[in-house]
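In what follows, a single structure is set out as structure tokens and then discussed.
Just so you know, these numbers come straight off a predicted model, no measurement behind them. By convention in this document, chain letters (A, B, ...) are assigned in the order of the sequence lines, proteins followed by strands, and residues within each chain are numbered from 1.
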4 protein chains.
Amino acid sequence: MTRKEADTGGRSRIQTEKRGLILDAALEVFSQYGLKGATLDMIAAAAGLSKPNVLYYFAGKEAIYTALLEGLLEVWLDPMRQIDPTGDPVGEILAYVRRKLDLSRDYPRESRLFANEVIQGAPLMLETLEGELRALVDDLAAVIRGWSEAGRIAPVDPRHLIFSVWALTQHYADFDVQVRAVLGSEDPYAGAARHLDEMFRRMLEPR
Amino acid sequence: MTRKEADTGGRSRIQTEKRGLILDAALEVFSQYGLKGATLDMIAAAAGLSKPNVLYYFAGKEAIYTALLEGLLEVWLDPMRQIDPTGDPVGEILAYVRRKLDLSRDYPRESRLFANEVIQGAPLMLETLEGELRALVDDLAAVIRGWSEAGRIAPVDPRHLIFSVWALTQHYADFDVQVRAVLGSEDPYAGAARHLDEMFRRMLEPR
Amino acid sequence: MTRKEADTGGRSRIQTEKRGLILDAALEVFSQYGLKGATLDMIAAAAGLSKPNVLYYFAGKEAIYTALLEGLLEVWLDPMRQIDPTGDPVGEILAYVRRKLDLSRDYPRESRLFANEVIQGAPLMLETLEGELRALVDDLAAVIRGWSEAGRIAPVDPRHLIFSVWALTQHYADFDVQVRAVLGSEDPYAGAARHLDEMFRRMLEPR
Amino acid sequence: MTRKEADTGGRSRIQTEKRGLILDAALEVFSQYGLKGATLDMIAAAAGLSKPNVLYYFAGKEAIYTALLEGLLEVWLDPMRQIDPTGDPVGEILAYVRRKLDLSRDYPRESRLFANEVIQGAPLMLETLEGELRALVDDLAAVIRGWSEAGRIAPVDPRHLIFSVWALTQHYADFDVQVRAVLGSEDPYAGAARHLDEMFRRMLEPR
DNA sequence: GATGAATGAGAATTCATTCAT
DNA sequence: AATGAATGAATTCTCATTCAT
């Protein structure tokens, strides 16, 4: 065993390239079939590599999956981190919604991978959810509560508001086939952007 | 083949009982591990039956899964069917939201099974989604549009409004672990009910 | 266990009837799929009985198969027994050929069952073949040799002559699909009867 | 799927070797037990390989069987193709009989595999029989008819004559155990060669 | 006699992973 | 770094047979 372990540092250029190739292929496959439904054969084929070669870069199927998840959460939480506590409350939240919706549109596979994992009980992410995620939400909730108490947005349960943002934006990625089945050929995201903007504005603007 | 096929009628009491037993066990297992992740062993164990005995009642793993999905959609769509086009618009929609949220609370496994299936592209339900579901949504959308045009609710894209109801209510079942990771020991559904009621009221009440 | 064993005697009318029913169904199935390829389900279905009911009349799948084979050999050897050593040699042999060919035409399933068994090494019939069959052939061979030495038929190896009769007649039952693939819609047996009559006549008539 | 499919070309030496090894083992097993009666375990054991390794070279049990059958027909029809329409009629046919008999002696397992398949209705070869085989027989039949009409052989139904050749020669391979049960320790093929030579000579020589 | 229900012993096949080069 | 070959450990499914009524 020469390398294999997920030591982030000390990788040659080709290492990094191939790992990226594999992760992208794995994302495609895992997000569609789930951890168990995906096979190394599929991933290797999608990456254009041989199966043993894939295993040269990752310790196993689960290791690929885990690496994928790890890289994911940061991207996923980033829009939340960009909220400016000193900005305009409604504007900040609307911008957050917008960023999350763009993420759904531009990275639907990532969204589905995440959804799959959480729906199945998040066996590999529970700690992160209870630690990092919860802390971040608590922080943001405090900010929102502040806005709310200052009368700058309508009174609202901050954490359920955050769930609402997540639910409403991720729905378009996760339930994509259903959305498209209902809408037909109409572009979901244009309508969604208008709708969500309008909805959250009404929800939040103090009367 | 002695029985096995899903001829709905003509089942003895014991047949019905055992099939129910198996379906319940399968729901537990499939909703947690997905179609591929679940094994007949798990299902048989959960049902307290031997593996071949499970296969005496269903033609195979997929047949159980399919039977489950088939029984599901009706339950899932029922709250939508109960909306009264002649009722009070805001009240009807709020009641709908409430019914859907109760469904998430009382049947989270069903919700997750459905979510899993749709996220993975709904290979077994695509037709139903494009047929029955779309038709139902179109009908309800017409009603909502009528309300909206009559000024009885705020202007809104009816189909995106429906997506919003689905997303916001199902989130509590599907992302249950995440919700609980964030909320800690607090009961999600009490807060969710208040929050959603308030949100949709603000969204919909004409100013 | 009330009955089951193949004690030939002491069977009620219904016993005999049902056994006959099962044997006929089994013949159909075994001759087409072989001992292993056939399943009790197929046999039970073909007989219009339930699987356990079939097993009430026979001890098991092999028992049915064995019973079938046992009943078979007698029918199969009968045409040989009818040869009259005091009759006209060529006429006797031609009549024998004719009887065997009729057997192929009228009982092709029996012929194929027998063929299947012998091709696979006759695990259940080897003793009978080495005993009863060989004895019978030896007897007939002696008769033919007598005819041959008396100049009443052309000189011939008697046992290979007997093989020839078997091969040429059974071919039409055993290789039925091939024969029909080659002949198209033409009736195989009419042509076969003429052809074999002519052939054996030429083979056997002393010049 | 890495390899498996029967793309005739592009096989490495080891591929070819192992495939040959497996096919030989499979021939042994299939010809004795039939398609259903044979198990991958038996084949793998006979080939000295592990079961999954066998499946590395062939897509499944049926694929092995099919590959075997495909390779078979050519060998089986070859003796017929060697008949020279411009040669001496009786000599050509006698030589054909001889070649077919040699084939039975040298490749009895192949003969039995073929017989098994045809007896069970040739589910996998019916098209070939109705296409290639029939065409070939039609051609040869025309040649024989020519000989017959020219008075160079006795009048005969050409296609039934061909059946006779097949039946008489293949019998020694297919019904081997029966032949040996009757003949005892005597070598079947020596006697068969003399007998068939003599028989066909008498059948065919014009008086 | 008859049959719905149940099961143990296979059997085929899949697949992550390892081996050898 | 790369890959053809190989395999052990599942996993689904089949089927003869038995159980219980």
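In terms of phosphate contacts, B:Gln15 brings no side-chain nitrogen or oxygen within less than 4.0 Å of OP1 or OP2 of E:dG4. The side chain of C:Tyr56 places no N or O atom within less than 4.0 Å of a non-bridging phosphate oxygen (OP1 or OP2) of E:dA2.
Looking at the side chain of B:Asn53, the nearest of the listed nucleotides E:dA16, F:dT7, E:dT7 is E:dT7. Distances were taken from every side-chain heavy atom of B:Ser50 (C-beta onward) to each of F:dA6, E:dT7, E:dG1; the shortest belongs to E:dT7. For A:Tyr57, whose side chain is taken as the heavy atoms from C-beta onward, the closest listed nucleotide among F:dA2, F:dA5, F:dT17 is F:dA2. Distances were taken from every side-chain heavy atom of B:Leu40 (C-beta onward) to each of F:dG4, F:dA16, F:dC13; the shortest belongs to F:dC13. Distance from the side chain of C:Pro52 is smallest for F:dT18 among the nucleotides F:dT18, F:dT12, F:dA1. Taking every side-chain heavy atom of D:Ser12 into account, F:dA5 is the closest of F:dA5, E:dA6, E:dA11. Comparing E:dC15, E:dT13, E:dA6 by their closest approach to the side chain of B:Lys18 singles out E:dA6.
The salt bridge (Lys or Arg N to Asp or Glu O under 4.0 Å) with B:Asp24 is formed by just one residue from the set B:Lys18, B:Arg109, B:Arg19; it is B:Arg109.
Closest heavy-atom contact between A:Ile119 and B:Asn116: CG2-ND2, 3.8 Å.
Contact annotation for B:Ala44: no contact, since no heavy-atom pair falls under 4.0 Å across all strands. Note on A:Ala38: only backbone sugar-phosphate atoms sit closer than 4.0 angstrom, heavy atoms only; bases stay farther off. Contacts of D:Leu49 with the nucleic acid, taken as non-hydrogen atoms under 4.0 Å apart, are absent.
Between D:Val54 and B:Asp41, the one whose closest nucleotide on DNA chain F sits nearer the 5' end is D:Val54. Of the residues near DNA chain E, B:Lys51 and D:Gly60, the one whose nearest nucleotide (by heavy atom distance) lies more toward the 5' end is B:Lys51.
Using cut-offs of 30° and 60° for the angle between ring planes, the A:Phe114 and A:Trp76 rings count as tilted.
As rounded to the nearest Å, E:dG1 and F:dT21 have P atoms that lie 22 Å from one another.
When the P atom of E:dG4 is taken as reference, atom CD of B:Glu17 falls 17 Å away, rounded to whole Å. Residue D:Met42 contributes atom CE, which lies 7 Å from atom P of E:dA11 at whole-angstrom precision. Summarising the geometry, the separation between CZ on A:Phe58 and P on F:dA1 is reported as 14 Å, rounded to the nearest angstrom. Between the CD1 atom of B:Ile14 and the C1' atom of E:dT3 there is a distance of 13 Å, given to the nearest Å. Regarding B:Glu62, its CD atom lies at a distance of 17 Å from the P atom of F:dT11, rounded to whole Å. When rounded to the nearest whole Å, the span between CG of C:Leu55 and C1' of E:dG1 equals 14 Å. Across the protein-nucleic acid pair, A:Ile43 atom CD1 and E:dC15 atom C1' stand 12 Å apart, rounded to whole Å. In this structure, CD1 of A:Ile22 is placed 9 Å from P of F:dA2, rounded to the nearest angstrom.
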Does the side-chain contact (heavy atoms from CB on, under 4.5 Å) test come out yes or no for D:Leu23 and D:Phe58, once each step is laid out?
CA-CA 10 Å; D:Leu23 286 174; D:Phe58 289 91; 3.8 Å; yes

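Using Watson-Crick or G-U wobble geometry with both donor-acceptor distances under 3.5 Å, E:dT21 finds its partner in F:dA2.
Around CD of C:Glu17, the count of heavy atoms belonging to other residues, nucleotides or ligands within 6.0 Å exceeds 12.
Within the model, atoms CG of A:Leu73 and CE of A:Met125 stand 4.5 Å from one another, a figure rounded to the nearest 0.5 Å.
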